[in-house]
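Heads up, the thing below is written out as structure tokens.
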Amino acid sequence: MTTVAPKRKLRVATTSLAGCFGCHMSLLDIDERLVDLLDHIELDSSPLTDIKSPGMCDLGIIEGGLCNAENVHVLRHMRERCRVLVALGACAITGGLPAQRNHLDIRDCLQTVYMTGVGVHRGFIPNDPELPLPLDKVHPLHDVVKVDYFLPGCPPPAEAIWQLLTDLVAGRTPQLGHGLIHYD
Amino acid sequence: MKRGLSEVLAGNAYDPTRLVQILRGMMELEGYISPSVITEIAAALDLPRSAVEGVAGFYSFFETEPRGRYRVHFSDNITDELQGSVELRQRLLDAFHLELGEVSRDGRLSVKLTSCTGMCDQGPAMLVNGRPIARLTPARIGAICSLIRGGSPVDQWPENLFTVDTHLERADRLLSTPIPPGAAIDAALARGAAETLAVVRRSELRGRGGAGFGTGQKWTACAAAPGPDRYVVCNADEGEPGTFKDRVLLMHHADALIEGMTVAGLAIGARKGFIYLRAEYPFLKPTLEATLAARRAAGLLGKDIRGQRGFDFDVDLHMGAGAYVCGEETALLESLEGRRGIPRNRPPYPVTHGYLGRPTVVNNVETLIATAQIALFGDEWFRTLGTPRSAGTRVLSVSGDVARPGIYEYPFGVTVSQVLADAGAERTQAVQVSGPSGTLLARKEFGRRIAFEDVPSAGAFMVFDESRDMVRVVDNFARFFAHESCGFCTPCRVGTTLVKQMMGHLVAGQGSRRHLKDLARVSKVMKQTSQCGLGGTAGNPILDGLEKFEPAFYGRLPSLEVRPVFDLDASLAPAREATGRDDAGAHLDPERG
Amino acid sequence: MMPPTPTAAPVPRPTFQLDDHQVPFTPGQTVIQAALAAGIYIPHLCHHPDFAPHGSCKVCTCRINGRMATSCTFPAAEGLQVESEAPEVQALRRDLVQFLFTEGNHFCPSCEQSGDCKLQAVAYDLGLLTGHYNPLFPDRPVDASHSDVLLDTNRCILCELCVRASATMDGKSIFALSGRGITKHLVVNAESGRLGDTILAVTDKAMSVCPVGALIRKRQGFRVPIGQRTYDAAPIREIAVQGAATAPGTGGQTP
Ligand SMILES: Cc1cc2nc3c(=O)[nH]c(=O)nc-3n(C[C@H](O)[C@H](O)[C@H](O)COP(=O)(O)O)c2cc1C
Ligand code: SF4
Ligand code: SF4
Ligand code: SF4
Ligand code: FES
């Protein structure tokens with residue numbers, strides 16, 4: 001039996017920007033190994049916890065790209081609080097499916113959705129200051145902040161997330177072999 | 001059929017290799033090449049329509065959508081920029097309430113940028129419907145605005161607007177040794193082809209167009225290549241920004257050039273030659289055509305030249321249509337055959353598989369003039385000037401921050417500081433030798449020599465004094481390469497655009513250290529993997545700039561943090577407009593979250 | 001009577017060095033043809049065994065006798081020293097493939113070609129996790145006018161395989177390139193600019209050569225589920241040289 005003196009646990013924050021939570025579901029798909037993982041990491045703010053805003057963290061994991069002003073605020077906040085930032089999944093890395101609106105004029109999008117779309121009657125474009133305004137284009141994270149690691153996939157396979165996290169916990173540069181790198 | 005098209009086609013003998021000339025003809029008639037004209041040309045020449053569309057879409061002076069009746073192209077070279085072209089351009093745009101790239105609502109005017117027009121010694125310059133106007137001033141722009149408003153056709157504008165000056169500041173042997181028409185041909189005929197090849201080889205003349213390949217070796221290889229027909233091609237594309245010496249040579253030494261081409265024809269056994277003249281020099285066309293006609297009349301071109309039985313040689317003039325890459329010899333040949341100017345895979349080389357797949361020599365204007373002199377005066381005479389590995393002289397185009405821009409001819413081996421002193425340069429910070437694709441020299445290197453064994457030069461010599469921002473200079477070059485990449489290969493097609501984008505971030509204060517690293521990285525990928533010299537050299541100004549003017553680049557970084565590569569607040573503007581919001585939450589601080 | 005042909009003594013084939021292998025070749029072959037025939041993979045995108053060398057994608061770049069060159073255009077020759085897996089060579093390839101991702105709009109999760117796509121498979125082979133550069137997000141058209149074919153130029157990597165196939169094998173010249181530099185783009189042989197107005201047939205050779213998801217057959221969408229496709233089963237490195245050992249010297253077959 002080896003008893004290694006327990007190292008300080010890594011503090012990890014996760015968040016979803018313009019994503020679908022699929023990457024987070026894939027994270028949960030690590031299944032029972034999550035228990036092992038929790039020996040090494042401690043979750044800070046995350047959709048999986050109730051903490052709303054990250055403290056100082058070792059690792060930040062972000063799913064989803066940048067679609068609106070709030071996404072930008074959250075990303076910058078994460079960048080400030082996390083020593084290492086991981087872009088998790090296609091949307092965080094490329095903008096993903098939301099970025100397929102990039103060839104459209106956002107004004108037309110808003111018009112269509114709120115005013116002229118099928119089934120919309122007496123519509124108006126909401127102007128509540130509580131609502132974040134959309135950016136004219138959807139961007140990947142690295143268009144705005146420094147990103148340390150990228151893990152592609154839609155979502156990334158649980159196995160790949162496991163590999164990434166165990167590598168990071170062990171202080172290794174993450175390495176993914178065939179079958180773990182997927183863009184779909 | 002479209003009005004005038006059949007005349008244009010007939011004037012070009014329905015020859016598909018003249019497709020670029022045919023499309024030029026339609027541009028002159030119509031101001032653009034419409035989809036139906038493309039269909040008609042394709043049918044008449046028996047080419048796939050898609051191929052004709054591809055050619056029409058390749059050259060920057062071809063328009064496939066209606067443009068203004070007056071089509072203005074401002075020269076975007078750095079020397080024009082130094083001489084105030086940006087403000088002058090804005091004046092013209094403001095006068096017609098236009099944005100760059102737009103067509104005015106009445107269809108009168110459209111304004112675009114173009115790469116260097118070869119008027120660096122008399123900039124800023126523009127082209128109006130293809131005709132250059134140099135020495136632009138606010139007054140000249142005002143006059144041009146009135147002419148455009150008045151609606152008179154460009155060929156009725158005052159001729160003095162279109163005059164192109166020659167600033168010959170220093171002549172050495174090439175520029176001051178006239179050749180009586182026919183004398184070099186006679187000398188070559190007396191020697192015979194084999195001995196003429198030997199003399200050119202012994203002269204150690206190296207190509208003046210850039211690569212510096214031995215002209216004698218090139219001719220000898222071509223003469224030895226099997227095949228029924230051979231061709232001589234004069235590369236008068238002169239696209240390298242900062243170069244205008246071929247313009248002056250063509251204007252004042254056309255006879256010697258054609259003499260040199262004829263000597264080449266004799267030496268390699270060619271019966272046909274081409275001059276490929278860049279589109280920006282249409283004013284040289286009459287001079288060249290007149291010289292060709294005079295030489296035909298004098299028995300210096302055509303059949304049985306100088307009475308020599310079977311020595312037939314003639315020269316055709318082809319015009320380019322706005323593509324720097326067509327100066328690259330294999331892209332030039334593609335263009336000469338009526339296609340997109342895409343560099344070919346090599347081997348095989350043009351000396352064995354050139355024009356129409358036949359053995360071909362391609363030489364620069366200055367090279368060919370030198371061969372005429374060598375044929376007449378001999379190889380020893382030629383070798384008496386220059387350095388051990390660079391025989392003869394070099395004609396430099398000097399521009400930028402100097403008191404006397406113009407043409408300077410020196411024996412090879414002249415130091416950079418000598419040229420600077422002669423041209424009246426003061427407080428010089430940098431010299432870009434040989435154009436954007438060449439070498440950027442900083443002050444401590446001004447003792448270096450212009451020669452193949454030290455700083456090779458295709459003729460450009462652009463000077464920047466201490467008041468100039470070298471990051472902007474490099475940014476200008478980055479835009480040039482992105483504009484001129486032919487797009488054939490991945491590294492240059494994407495790399496030049498990434499470099500342009502990153503330089504744009506730097507200039508806009510959105511740069512970060514990552515960009516400096518990536519600029520170097522992309523430049524190296526282009527250098528190592530590109531198909532031709534354009535991509536191969538597109539990284540030079542970046543790498544030179546980062547190495548020699550590093551503080552200027554670092555000075556452009558707002559902080560050491562990664563910065564957003566787009567304007568965050570501006571990216572909310574369309575949504576602000578759609579919602580009518582302007583509260584604090586409707587903005588993003590570029591500095592802080 | 002014809003004299004009997006003397007049985008020629010087997011002449012040893014000439015070879016060149018490729019990383020740790022001695023690769024035999026038939027004169028006239030390019031470096032990549034000989035390598036693939038010998039079962040050695042060199043990443044490539046615009047090379048296809050049925051067509052003349054093109055040399056535009058540059059992904060097959062190797063260090064040949066000390067200089068970077070495209071192995072798909074380089075004639076094989078006795079004694080060449082070819083380095084394909086050297087770290088610097090692989091690094092260049094990674095950048096080139098990243099350039100291609102950065103240049104287009106590649107949203108693999110919604111692409112019908114995902115899993116069968118060579119660009120994607122080569123990127124997997126090179127271990128790419130990201131396009132690295134800031135994406136250009138170009139505005140490119142989708143043409144759905146043809147009854148059987150969808151042309152989505154967002155994913156076109158400009159390899160000209162369809163151009164070459166249509167011109168040389170189908171005799172139709174349906175495709176060509178126009179524009180230049182970063183604005184270079186595919187055009188089709190119709191004044192309307194619409195694929196539906198051309199004589200393209202879904203059975204044309206041009207329809208079977210696109211390495212990416214730019215030329216897509218309609219009504220075939222997602223027949224094979226994501227995750228069970230060509231390069232899910234095995235890496236391109238293995239698939240591209242399958243059959244090479246049984247038919248040496250036939251030139252590389254790529255699926
Ligand atoms: C992008 C590019 C542009 C070039 N432009 C020119 C040009 O405008 N004029 C020229 O003479 N050579 C130009 N060259 C060099 C030609 O390819 C070729 O080497 C030259 O015409 C040969 O003539 P020379 O041996 O007399 O120099 C260019 C090369 C490249 C790669
Ligand atoms: S290097 Fe540039 S100009 Fe040359 S072939 Fe490639 S894309 Fe074209
Ligand atoms: S073409 Fe290939 S790389 Fe592009 S989106 Fe489709 S699967 Fe992905
Ligand atoms: S459509 Fe496909 S085959 Fe044609 S050029 Fe684009 S990527 Fe190549
Ligand atoms: S495969 Fe060789 S350049 Fe594309």
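Computation of the quantities below employed the complete heavy-atom set of this structure, encompassing side-chain atoms and omitting hydrogens, waters and symmetry-equivalent molecules. Per chain, numbering begins at 1; letters A, B, ... match sequence-line order.
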TODO: Look at B/P574, B/G580, B/A584 and state which one has the largest set of heavy-atom pairs under 4.5 Å with chain A.
DONE: B/P574
Task: For chain B, which residues of residues 127-152 of chain A have heavy atoms nearer than 4.5 angstrom - done: A/N127, A/D128, A/P129, A/L131, A/L133, A/P134, A/L135, A/D136, A/H139, A/H142, A/D143, A/V144, A/V145, A/K146
Task: More than 12 heavy atoms from other groups under 6.0 Å of CZ on B/R105 - done: no
TODO: Take atom CG of B/D106 as the centre, draw a 6.0 Å sphere, and report whether it contains more than 12 heavy atoms from other residues, nucleotides or ligands.
DONE: yes
Task: Distance (rounded to the nearest 0.5 Å) between A/E70 CD and B/L588 CG - done: 11.0 Å
Task: Residue B/R514 versus chain A: region with a heavy atom under 4.5 Å - done: side chain
Task: B/R521 atom CZ, neighbour heavy-atom count above 12 within 6.0 Å - done: yes
TODO: Could you tell me which of A/I125, A/N68, A/D105 has the largest number of non-hydrogen atom pairs under 4.5 Å with chain B?
DONE: A/I125
Task: Neighbour count >12 (heavy atoms, 6.0 Å) for atom CZ, B/R513 - done: no
Task: Heavy-atom neighbours of B/E561 CD exceed 12 at 6.0 Å - done: no
- [ ] Heavy atoms only, distances under 4.5 angstrom: which of B/H587, B/E577, B/R581 has the most pairs with chain A? Name it, please.
- [x] B/R581
